Undergrad: 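Sharing a structure with you now.
As the structure is a prediction and not an experimental result, all values here were calculated from the model.
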Amino acid sequence: MKKTIFLGMLSAVAMSLCGCLNPHLGSMGASTMIVAHQPRLAVNGDSSAMTLSVDAFGGAKMQGRNVKDGFSAGATAALNYRPFGYSSPLYVEAAFGGKGGNVSLDCSEAGKCNDGYMAWLETPDGRKKYSFWNVQERIAIGADFDVGPVILGVGAGIQTFEGGGDYDDIRDYLGNSLAENDDEGYGAKLYSTARIGARLGQYGVIAFDADFMWLKTLNVGFMLNYFHPSGFHGGIFAAQKVGYGVNVGKTFSF
């Protein structure tokens, strides 16, 4: 029995050392959504329990699991409802968005890129950029708390995605022997967020969000947004499979 366990462990180590394992490839939709969440109490002074935020964004220098040098652009819309009134810290958020772009394949998993995959990366097809498109949906609940001028927030929910394009086609091709696909171009992931911000009085609100999605793999994104009292907002972000970029938008109160 001990000999069998030892041989199994030795085989696993040998496989990892020789690069016999297959790298993993996942949908570009399995990334955090670019949603500028406005903290509670509308910055434009309205006493509304419901707000709608719309954003356009663009990201470059994308990095992720076995992808690199990507570009993406898209738009999102997020409806926030506070079931106990505008002064309640609790909120329910429903978001919908889409993005598209292109990306190159890479090897970022040490010990998991087999020789065949590495050789393919050196071919003309392996050096190409592949286009993609994705639609994303999110439902989450959370709360924003005021501690003096400081805002502390948390949230959690589920995010789904579906999409296609040349990138998913090449994933299917590589999945026949050289790589492992984490999804079929669609799926669902658990979502959570933590935020900290500050109220600037008549000048609006600034907030920093850290978003996490996981199920099999972890995807991380960060956003820093400024919300003007007029409802206009904008910021910068860094997110896996989206890149480094900027977003601009408007929040409407109902």
Side-chain angles (χ1 to χ4, degrees), residues 23-37 52-79 93-106 108 121 124-140 157-175 179 181-189 191 193 209 211-213 215-225 233-250:
H24 286 252
L25 299 173
S27 172
M28 299 306 294
S31 60
T32 58
M33 296 179 69
I34 305 303
V35 175
H37 173 85
L52 173 67
S53 292
V54 293
D55 277 85
F57 65 88
K61 295 297 181 181
M62 180 193 302
Q63 299 293 331
R65 196 179 193 189
N66 297 318
V67 295
K68 66 176 183 178
D69 297 335
F71 166 82
S72 65
T76 58
L79 184 66
E93 179 184 81
F96 175 83
K99 67 174 182 174
N102 56 53
V103 68
S104 297
L105 277 79
D106 190 24
S108 62
L121 288 178
D125 284 342
R127 297 191 185 99
K128 286 174 57 177
K129 288 185 179 291
Y130 293 92
S131 63
F132 64 86
W133 63 268
N134 295 106
V135 176
Q136 300 171 302
E137 306 87 13
R138 177 195 294 170
I139 184 72
I158 296 177
Q159 182 172 309
T160 61
F161 60 90
E162 51 276 333
D166 294 337
Y167 170 73
D168 279 351
D169 292 340
I170 199 65
R171 281 204 305 139
D172 289 340
Y173 167 75
L174 294 172
N181 284 319
D182 290 335
D183 56 73
E184 299 296 330
Y186 57 88
K189 284 199 162 192
Y191 158 81
T193 186
D209 289 61
D211 293 340
F212 306 90
M213 290 203 328
L215 198 62
K216 292 185 178 179
T217 59
L218 176 67
N219 297 95
V220 182
F222 302 99
M223 294 187 71
L224 177 65
N225 279 288
H233 60 258
I236 57 176
F237 63 82
Q240 292 174 304
K241 295 186 177 181
V242 186
Y244 303 90
V246 297
N247 61 283
V248 293
K250 179 74 164 66

Undergrad: CG of Leu105 to CG of Leu174: how many Å apart, nearest 0.5 Å?
TA: 6.5 Å
Undergrad: Give the intermediate values and the outcome of side chain to side chain contact (heavy atoms under 4.5 Å, CB included) for residues Val67 and Asp106.
TA: CA-CA 5 Å; Val67 295; Asp106 190 24; 5.8 Å; no
Undergrad: Considering all heavy atoms of both residues, which atom of Gly26 and which atom of Tyr167 are nearest to each other, and what is their separation?
TA: O-OH, 2.8 Å
Undergrad: Please give me the minimum heavy-atom distance between Tyr130 and Asp125, naming the atom from each residue.
TA: OH-O, 2.6 Å
Undergrad: We want to know whether Lys241 and Asn219 form a side-chain donor-acceptor pair, criterion being a heavy-atom distance below 3.5 angstrom.
TA: no
Undergrad: Take Phe212 and Leu218 through the test side chain to side chain contact (heavy atoms under 4.5 Å, CB included) and record every step on the way to the result.
TA: CA-CA 7 Å; Phe212 306 90; Leu218 176 67; 4.3 Å; yes
Undergrad: If you count every heavy atom of other residues, nucleotides or ligands that lies below 6.0 Å from Ile158 atom CD1, does the total exceed 12?
TA: no
Undergrad: Please list, chain by chain and in numerical order, all residues satisfying salt bridge (charged side-chain N to carboxylate O under 4.0 Å, His left out) with Asp69, sequence neighbours excluded.
TA: none
Undergrad: Could you measure the distance from the CG atom of Asn134 to the CZ atom of Phe161? Nearest 0.5 Å is fine.
TA: 8.0 Å
Undergrad: Count the heavy atoms belonging to other residues, nucleotides or ligands that lie under 6.0 Å from NZ of Lys61, then report whether that count exceeds 12.
TA: no
Undergrad: CG of Asp168 to CH2 of Trp133: how many Å apart, nearest 0.5 Å?
TA: 8.5 Å
Undergrad: Shortest non-hydrogen contact from Ala188 to Leu215?
TA: O-CD2, 3.2 Å
Undergrad: Under 3.5 Å, is there a donor on one side chain and an acceptor on the other for His233 and Asn247?
TA: no
Undergrad: Pick from Lys189, His24, Gln240: which one makes a side-chain contact (heavy atoms from CB on, under 4.5 Å) with Thr217?
TA: Lys189
Undergrad: Can you name the closest pair of heavy atoms from Ser31 and Lys99 and give their distance?
TA: OG-NZ, 2.7 Å
Undergrad: Say you draw a straight line from CD of Glu184 to OG of Ser27; how long is it, rounded to the nearest 0.5 Å?
TA: 10.5 Å
Undergrad: How far apart are the C-alpha atoms of Asp172 and Asn181, what are their side-chain angles, what is the distance that settles it, and do they pass the side chain to side chain contact (heavy atoms under 4.5 Å, CB included) test?
TA: CA-CA 8 Å; Asp172 289 340; Asn181 284 319; 4.2 Å; yes
Undergrad: Does a donor on one side chain sit under 3.5 Å from an acceptor on the other, for Ser108 and Asn66?
TA: yes
Undergrad: Any chance you could measure Tyr186, atom OH, to Thr160, atom OG1, to the nearest 0.5 Å?
TA: 13.0 Å
Undergrad: Between Asp183 and Arg171, is there a salt bridge with N-O shorter than 4.0 Å?
TA: yes
Undergrad: Are any of the side-chain heavy atoms of Glu137 and Val135 separated by less than 4.5 Å?
TA: yes
Undergrad: What is the minimum heavy-atom distance between Val242 and Thr32, and which atoms define it?
TA: CG2-O, 3.9 Å
Undergrad: Is it true that Arg65 and Asp182 have a side-chain N and a carboxylate O under 4.0 angstrom from each other?
TA: yes
Undergrad: Has the side chain of Ser131 got a donor or acceptor atom that lies under 3.5 Å from a matching backbone atom of Gly165?
TA: no
Undergrad: Measure the CD1-OG1 distance between Ile34 and Thr76 for me, rounded to the nearest 0.5 Å.
TA: 7.5 Å
Undergrad: Do any N or O atoms from the side chain of Gln159 and from the backbone of Ala95 form a donor-acceptor pair under 3.5 angstrom?
TA: no
Undergrad: Would you check if Phe237 and Phe57 make a side-chain contact, meaning some heavy-atom pair closer than 4.5 Å?
TA: yes
Undergrad: May I ask you to check if Arg138 and Tyr191 form a cation-pi contact, with NZ or CZ under 6.0 angstrom from the six-membered ring centre and within 45° of the axis?
TA: yes
Undergrad: Could you please spell out the steps behind the side chain to side chain contact (heavy atoms under 4.5 Å, CB included) verdict for Met62 and Val103?
TA: CA-CA 8 Å; Met62 180 193 302; Val103 68; 3.9 Å; yes
Undergrad: Grab the two heavy atoms, one from Val35 and one from Ala78, that are nearest each other, plus how far apart they are.
TA: CG1-CB, 3.5 Å
